[in-house]
Visitor: 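This is the structure I want to talk about, given as structure tokens.
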Amino acid sequence: MATINKGTGTLALAAFDNGAILQPHEFGRPTPGPSDISIDIQFCGMCHSDCHACNGDWFINKHPMTPGHEIAGLVREVGSAVSKFKVGDRVGVGCMVESCGECDMCKEGMENHCPGMIQTYSSDFPSGKGENYMEAEGYHTNGGYSTAITVNEKFVFQIPDSVKMEYAGILFCAGITMFSPLNRHILQKGNGSGEGKKVGIVGFGGLGQMGVKLAKAMGCEVTVFSRSDSKKDEAKKLGADLLVHSDEAAVAAATRHFDVVIDTVAAKHPVASLVNTLKVGGVYVLIGAVVATFEISPMQMIFSRQSIEGSLIGGLKETQEMLDFCAKHNIVPEYKVIDAKDANQQFQDLLSGKSDASRAVIDISTIKNLMDSTTGSKE
């Protein structure tokens, strides 16, 4: 969110160049305006997108960069016009913190596609948002690997009592990213039920596991496409089958089998054979943000009336629906809480592909200890 570059008071972890090494950092946050909330962050999940944003893969190149859009914390202060929250509330913030509020996308509840959407980190903060934000204008937003954040109440969510703070933030990224296409193509087309529907999920990392849990809770049959069968037992534990996508015979045997296939892989890979596993009229949904292009023949899509689409998180209303769904069905992502001193190693493991499928969540209270130890070592 909005950041005062030369300010102080907010401790953080940041990448200072495209080498993407997380290091201690400090900056300021604006005081809350009438419709804003100041949040003391307790936990923040580490998403693979954080790596791509910091290391130059997405050509953002804004440093120092504090990533993090899986935020859970407690309300510290509220603006005079805030009506939805009070001091002490358990709240979360996801991938966006502003939109214009006036375009067709905003009016239709798709703020995530607003041309003026401001991401939680990496967006240039605009002018005209209030006197309290003047020092942040023109400087890029910085995210949840930090001790505090100030956000318009519209983009803040109440965390249900049944959802633990440690994993709540994950739902605002991985949760809504997977829920949105499943909601669109399963629940909305099936009158709230996925009974009899078949869902394929390419990749079995944090997004893939979240997708399996959501699809199973909707009543779907689920198959995971993976590079090998090493995660077969993990998939089975969650109630899903596993198909090795490099096994051409197995993939061919699955032709016209799935209603929806959601591809979570954030690296270039062939998709044509996987698209062929869709039923007539099926939809292949791209979630993994890959810059590289891929090839597919229009003929295969024409003869099976298949579609390929992208999907980007979800709007505010749909995010609330996702939270309610996860609370109702007790959907808990696979996660592990880590100390801030271990965050950089986790970041490097994400970059190199060495990390496991469980989402790492930084205990933000430990950033101060890291800052103190770093300062002490320099003295």
Visitor: With heavy-atom distances below 4.5 Å as the criterion, would you say the side chains of Ser146 and Ile367 are in contact?
Guide: no
Visitor: Taking Asn5 for the side chain and Thr3 for the main chain, is one N or O donor matched with an acceptor at less than 3.5 Å?
Guide: no
Visitor: Does Glu135 have more than 12 heavy atoms from other residues, nucleotides or ligands lying within 6.0 Å of its CD?
Guide: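 Atom CD in Glu135 is not packed in, count stays at 12 or less.
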Visitor: Would you say Met110 and Val285 are hydrophobically clustered, going by side-chain heavy atoms of ILVMFWY under 4.5 Å?
Guide: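 Looking at the clustering, Val285 is in a separate group from Met110.
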Visitor: For the ring pair His69 and Tyr121, is the centre-to-centre distance below 6.0 Å?
Guide: yes
Visitor: Quick check: does any side chain N or O of Ser373 sit under 3.5 Å from a backbone N or O of Leu370, one acting as donor and the other as acceptor?
Guide: yes
Visitor: Give a yes or no on this: more than 12 heavy atoms of other residues, nucleotides or ligands lie within 6.0 Å of atom CD of Glu295.
Guide: no
Visitor: So, taking the atom named NE2 in His63 and the one named OG in Ser122, what distance separates them when rounded to the nearest 0.5 Å?
Guide: 10.5 Å
Visitor: Hey, can you pull the donor-acceptor pairs under 3.5 Å for the side chains in residues 330-342, sequence neighbours left out?
Guide:
from   : atom 1 : to     : atom 2 : distance (Å)
Glu334 : OE2    : Lys213 : NZ     : 2.6
Asp339 : OD1    : Lys341 : N      : 2.9

Visitor: Quick check: do Gln23 and Asn344 have side-chain heavy atoms less than 4.5 Å from each other?
Guide: no
Visitor: Indicate if Ile149 and Met65 have the same hydrophobic cluster label, given that clusters are the connected sets of ILVMFWY residues with side-chain heavy-atom separations under 4.5 angstrom.
Guide: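 No; tracing contacts between hydrophobic side chains, which count when under 4.5 Å, never links both residues.
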Visitor: For the residue pair Ile262 and Pro181, what are the closest heavy atoms and their distance?
Guide: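 Looks like CD1-CG, 4.0 Å.
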Visitor: Following the transitive rule for hydrophobic clusters with a side-chain heavy-atom cut-off under 4.5 Å over Ile, Leu, Val, Met, Phe, Trp and Tyr, establish whether Tyr145 and Met165 coincide in one cluster.
Guide: yes
Visitor: Could you report the tightest heavy-atom contact between Val156 and Lys84, atom names first, then the distance?
Guide: O-NZ, 4.1 Å
Visitor: Please round to the nearest 0.5 Å and tell me the distance separating atom CD1 of Ile118 and atom CE of Met1.
Guide: 8.5 Å
Visitor: Nearest 0.5 Å, what's the OG1-CD1 distance between Thr10 and Ile4?
Guide: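 Reported value, rounded in 0.5 Å steps: 8.5 Å.
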Visitor: Side-chain heavy atoms nearer than 4.5 Å, only ILVMFWY residues, links allowed to pass through others: does that put Phe85 and Met96 together?
Guide: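 Yes: a chain of side-chain contacts under 4.5 Å links Phe85 to Met96.
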Visitor: Closest approach of Leu351 and Ala20, non-hydrogen atoms and distance?
Guide: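 Nearest pair, atom of Leu351 first, then Ala20: CD1-CB, 4.0 Å.
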Visitor: Does any pair with a residue in residues 105-119 pass salt bridge (Lys or Arg N to Asp or Glu O under 4.0 Å), and if so which ones, sequence neighbours excluded?
Guide: none
Visitor: Report yes or no: does Ser304 contribute a side-chain atom to a donor-acceptor pair with the main-chain N or O of Gln306 at less than 3.5 Å?
Guide: no
Visitor: How about Tyr133 and Thr150: do any of their side-chain heavy atoms sit closer than 4.5 Å?
Guide: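 Of all side-chain heavy-atom pairs linking Thr150 with Tyr133, at least one is under 4.5 Å.
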Visitor: Donor-acceptor check, side chain of Arg29 to backbone of Ser38, threshold 3.5 angstrom: yes or no?
Guide: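 Here the side-chain-to-backbone pair does not exist.
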Visitor: So do Lys328 and Pro160 actually touch side chain to side chain, heavy atoms under 4.5 Å?
Guide: no
Visitor: Are Tyr167 and Arg359 close enough that some pair of their side-chain heavy atoms sits under 4.5 Å apart?
Guide: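 Heavy-atom side-chain distance check fails, nothing below 4.5 Å.
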Visitor: Drop me the distance from Met322's CE to Ile176's CD1, to the nearest 0.5 angstrom.
Guide: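 If we round to the nearest 0.5 Å, Met322:CE and Ile176:CD1 are 5.0 Å apart.
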Visitor: Are Asp124 and Lys62 within salt-bridge range, i.e. N to O under 4.0 Å?
Guide: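 The answer is yes: the pair qualifies as a salt bridge.
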Visitor: Check whether Thr120 reaches the backbone of Gly143 with its side chain - one donor and one acceptor, N or O, closer than 3.5 Å.
Guide: no
Visitor: Of the non-hydrogen atoms in Gly211 and Ile201, which two are nearest, and what is the gap between them?
Guide: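 Minimum heavy-atom contact is C-CD1, 3.3 Å.
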Visitor: Using the ring of each side chain (for Trp, its six-membered ring), is His25 parallel, tilted or perpendicular to Phe16, with breaks at 30° and 60°?
Guide: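 The rings of His25 and Phe16 stand perpendicular, inter-plane angle above 60°.
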Visitor: Report yes or no: do Leu182 and Leu323 belong to one cluster of Ile/Leu/Val/Met/Phe/Trp/Tyr joined by side chain heavy-atom distances under 4.5 Å?
Guide: yes
Visitor: Checking Asn142 side chain against Thr66 main chain: does a donor-acceptor pair fall under 3.5 Å?
Guide: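 Looks like yes, one N/O pair under 3.5 Å.
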Visitor: What I'd like to find out is whether the side chain of Phe157 reaches to under 4.5 Å of the side chain of Leu316, using heavy atoms alone.
Guide: yes
Visitor: As a quick check of understanding, evaluate side chain to side chain contact (heavy atoms under 4.5 Å, CB included) for Ser180 and Leu312, giving each step before the final call.
Guide: CA-CA 8 Å; Ser180 184; Leu312 176 70; over 6 Å; no
Visitor: Any non-hydrogen side-chain atom of Leu13 less than 4.5 Å from a side-chain atom of Ile362?
Guide: yes
Visitor: Can you tell me how far CG of Asp324 sits from NE2 of His329, rounded to the nearest 0.5 angstrom?
Guide: 10.5 Å
Visitor: Flag yes if more than 12 heavy atoms outside Lys198 fall under 6.0 Å of its NZ atom; otherwise flag no.
Guide: yes
Visitor: Given side chain to side chain contact (heavy atoms under 4.5 Å, CB included), test Glu70 with Ser49 step by step and report yes or no.
Guide: CA-CA 11 Å; Glu70 299 181 352; Ser49 297; over 6 Å; no
Visitor: Write down the atom of Asp50, the atom of Gly45, and the distance for their closest heavy-atom approach.
Guide: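 Asp50 and Gly45 have their closest heavy atoms at OD2-O, 4.0 Å.
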Visitor: So, for Asn132 and Pro30, which heavy atoms are closest and what is the spacing to 0.1 Å?
Guide: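 Shortest heavy-atom separation between Asn132 and Pro30 comes out as O-CB, 3.2 Å.
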Visitor: For Arg256 and Thr277, which I'm curious about, is there any donor-acceptor pair between the side chains at under 3.5 Å?
Guide: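 Judged by distance alone, the side chains do not pair up.
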Visitor: Which atom pairs, donor and acceptor, lie under 3.5 Å between side-chain atoms of residues 74-81 and protein residues at least two apart or in another chain?
Guide:
from  : atom 1 : to    : atom 2 : distance (Å)
Arg76 : NE     : Asp40 : OD1    : 2.7
Arg76 : NE     : Asp40 : OD2    : 3.4

Visitor: Checking Cys54 against Phe347 for the side chain to side chain contact (heavy atoms under 4.5 Å, CB included) test, could you report, in this order, the C-alpha distance in whole Å, the side-chain angles of both residues, the deciding distance, and whether it holds?
Guide: CA-CA 10 Å; Cys54 288; Phe347 212 60; 4.1 Å; yes
Visitor: Hydrophobic side-chain clustering at under 4.5 Å (ILVMFWY, transitive links): who's grouped with Leu243? Put none if nobody.
Guide: Val202, Phe225, Val251, Phe258, Val261, Val265, Val271, Leu274, Val275, Leu278, Tyr284, Leu286, Phe294, Ile296, Met301, Ile308
Visitor: Is any side-chain heavy atom of Val151 closer than 4.5 Å to a side-chain heavy atom of Ile37?
Guide: no
Visitor: Checking His52 now: which residues fulfil side-chain hydrogen bond (donor to acceptor under 3.5 Å, both in side chains) with it, not counting sequence neighbours?
Guide: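 So His52 forms a side-chain hydrogen bond (donor to acceptor under 3.5 Å, both in side chains) with His48, Asp57.
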Visitor: Can you pull the salt bridge (Lys or Arg N to Asp or Glu O under 4.0 Å) pairs that have at least one residue in residues 214-242, sequence neighbours excluded?
Guide: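 As it turns out, there is no salt bridge (Lys or Arg N to Asp or Glu O under 4.0 Å) pair with a partner in residues 214-242 once direct neighbours are skipped.
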Visitor: Report the C-alpha distance between Met178 and Ser311 in whole Å, list the side-chain angles of each, state the deciding distance to 0.1 Å, and finish with yes or no for side chain to side chain contact (heavy atoms under 4.5 Å, CB included).
Guide: CA-CA 9 Å; Met178 298 306 289; Ser311 189; over 6 Å; no
Visitor: Going from NE2 on His113 to CD1 on Ile313, what distance comes out if it is rounded to the nearest 0.5 angstrom?
Guide: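 Nearest 0.5 Å value for the NE2-CD1 distance: 8.0 Å.
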